[in-house]
Amino acid sequence: MKKEAAGETENISIQVIERMVSLLDALAAYPDPVSLKELSAATDLHPSTAHRILNDLVVKRFVDRVEPGTYRLGMRLLELGNIVKSRLSVREAALDFMRALHRKTHQTINLSVRQADEIVYIDRSFSERSGMQVVRAIGGRAPLHLTSTGKLFLSVDDPKAVRAYATRTGLAGHNKNSITDLTKLERELSMVRALGYARDNEELELGVRCMAAGICDDSGKLVAGLSISAPADRLQEEWVEDLVSTANQISSALGFDRGRA
């Protein structure tokens with residue numbers, strides 16, 4: 001008998017949670033405060049049941065009562081969301097996706113972020129079978145204009161900021177393939193914006209080509225770049241689709257909703 005009672009209590013608790021979530025989801029679907037009648041209809045809950053649960057949610061600040069009979073999502077959800085966001089790490093979100101992309105391409109997969117006028121490599125997935133020595137170790141840096149990920153970040157800067165970057169750095173090159181002319185760089189960045197991904201055609205290191213796609217956070221801000229590095233004669237065009245798809249999956253894991261962008 002005790003087991004049956006415990007089971008019934010558990011079922012009731014789960015039912016209450018399901019009803020709470022359905023009400024929160026219904027509130028999230030409306031941009032403006034919603035009446036009890038509308039919420040009851042949207043959730044198939046009896047008005048008295050919906051009212052009772054909403055009152056509990058108001059007490060805990062998950063829901064705000066705007067005026068008698070109308071409700072909206074509460075600030076407690078924002079507070080909790082900010083806590084979750086602060087604990088999300090690009091590296092943690094990206095790692096499994098990077099490994100999967102490496103298994104598919106058998107090439108080095110890099111995760112990089114921008115710091116001032118350089119990119120910094122913060123993680124990498126590679127193996128000896130890639131046939132290429134790692135050009136930059138984790139923590140290594142490289143100029144924005146010489147790297148595929150760096151070009152992604154420059155492509156979201158306004159023209160004035162790009163010119164200022166060119167003035168500060170002098171667009172110094174590493175070899176004969178490096179872009180050292182502002183006009184050529186601007187054309188390259190325009191192509192990046194049009195394609196949605198960037199390339200490094202042996203501009204940083206001779207014999208190494210890269211392609212990169214951007215990773216965005218929940219606000220739509222570009223926060224990192226995911227790139228494939230390969231010997232110049234082995235980089236395959238069909239990897240672009242996999243690269244962009246993987247970067248999009250990481251962005252989704254960080255809360256970015258491309259449909260709302």
Side-chain angles (χ1 to χ4, degrees), residues 90-91 93-114 117-156 171-181 184-216 222-252 258:
V90 175
R91 291 177 69 180
L95 188 57
D96 287 343
F97 294 108
M98 291 174 66
R99 288 172 176 165
L101 185 59
H102 169 67
R103 287 194 296 269
K104 191 166 189 176
T105 64
H106 302 295
Q107 302 302 321
T108 300
I109 310 301
N110 310 288
L111 183 67
S112 312
V113 298
R114 179 178 186 171
D117 292 338
E118 298 175 311
I119 64 162
V120 180
Y121 296 88
I122 62 172
D123 215 334
R124 173 171 283 116
S125 184
F126 73 102
S127 66
E128 299 301 327
R129 290 189 302 166
S130 67
M132 183 189 74
Q133 292 184 338
V134 176
V135 177
R136 291 287 189 277
I138 294 174
R141 297 170 176 268
L144 296 176
H145 66 288
L146 300 183
T147 60
S148 53
T149 292
K151 291 175 186 176
L152 290 173
F153 281 103
L154 286 173
S155 73
V156 299
L171 296 181
H174 281 202
N175 59 60
K176 62 184 179 65
N177 295 321
S178 299
I179 295 178
T180 57
D181 175 74
K184 187 175 180 180
L185 177 62
E186 289 173 333
R187 285 200 299 269
E188 181 84 359
L189 299 180
S190 178
M191 187 179 301
V192 171
R193 287 188 287 270
L195 294 174
Y197 61 90
R199 297 177 182 274
D200 158 18
N201 290 309
E202 301 184 72
E203 296 156 49
L204 181 64
E205 299 285 347
L206 291 174
V208 179
R209 294 171 61 208
C210 302
M211 53 177 65
I215 296 170
C216 299
L222 179 67
V223 293
L226 185 73
S227 64
I228 301 175
S229 299
D233 60 348
R234 294 189 192 175
L235 195 71
Q236 300 178 25
E237 291 303 311
E238 56 263 34
W239 291 341
V240 168
E241 185 175 344
D242 292 324
L243 174 68
V244 172
S245 175
T246 302
N248 288 344
Q249 288 176 293
I250 299 170
S251 296
S252 295
R258 195 163 296 276

Minimum heavy-atom separation for [X] to [Y], with atom names?
| X | Y | result |
| --- | --- | --- |
| V113 | F153 | C-CE1, 4.2 Å |
| I122 | I138 | O-CG2, 3.6 Å |
| L222 | G214 | CD1-CA, 3.5 Å |
| S155 | L152 | OG-O, 2.6 Å |
| T246 | D242 | OG1-O, 2.7 Å |
| C216 | S251 | N-OG, 2.8 Å |

Kindly compute the distance separating [atom1] ([X]) from [atom2] ([Y]), expressed to the nearest 0.5 Å.
| X | Y | atom1 | atom2 | value |
| --- | --- | --- | --- | --- |
| I109 | F97 | CD1 | CZ | 14.0 Å |
| I228 | L235 | CD1 | CG | 7.0 Å |
| H106 | R234 | NE2 | CZ | 11.5 Å |
| L243 | K104 | CG | NZ | 11.5 Å |
| T149 | R114 | OG1 | CZ | 12.0 Å |
| S148 | N201 | OG | CG | 9.5 Å |

Going by the rule side chain to side chain donor-acceptor pair (under 3.5 Å), which residues pair with [X] if we only count those two or more places apart in sequence or in a different chain?
| X | value |
| --- | --- |
| D96 | none |
| S112 | none |
| N248 | R258 |

With sequence neighbours excluded, what pairs up with [X] under the side chain to side chain contact (heavy atoms under 4.5 Å, CB included) test?
| X | answer |
| --- | --- |
| A100 | R103 |
| K184 | I179, D181, R187 |
| E202 | N177, L206, R209, A232 |
| A94 | M98, L111, I250 |

**Item:** Listed once per pair and sorted, the salt bridge (Lys or Arg N to Asp or Glu O under 4.0 Å) pairs that draw on residues 144-155, sequence neighbours left out
**Value:** K151-E188, K151-E203
**Asked** Could you give all pairs that pass the salt bridge (Lys or Arg N to Asp or Glu O under 4.0 Å) test and reach residues 189-199, with sequence neighbours left out?
**Response** R199-E237
**Request:** Side-chain contact test, heavy atoms from C-beta onward, threshold under 4.5 Å: evaluate it for L101 versus L226 and give yes or no.
**Result:** yes
**Asked** Is the number of heavy atoms from other residues, nucleotides or ligands within 6.0 Å of CD (E241) greater than 12?
**Response** no
**Asked** Which of these passes side chain to side chain donor-acceptor pair (under 3.5 Å) with S227: T147, N110, D200?
**Response** N110
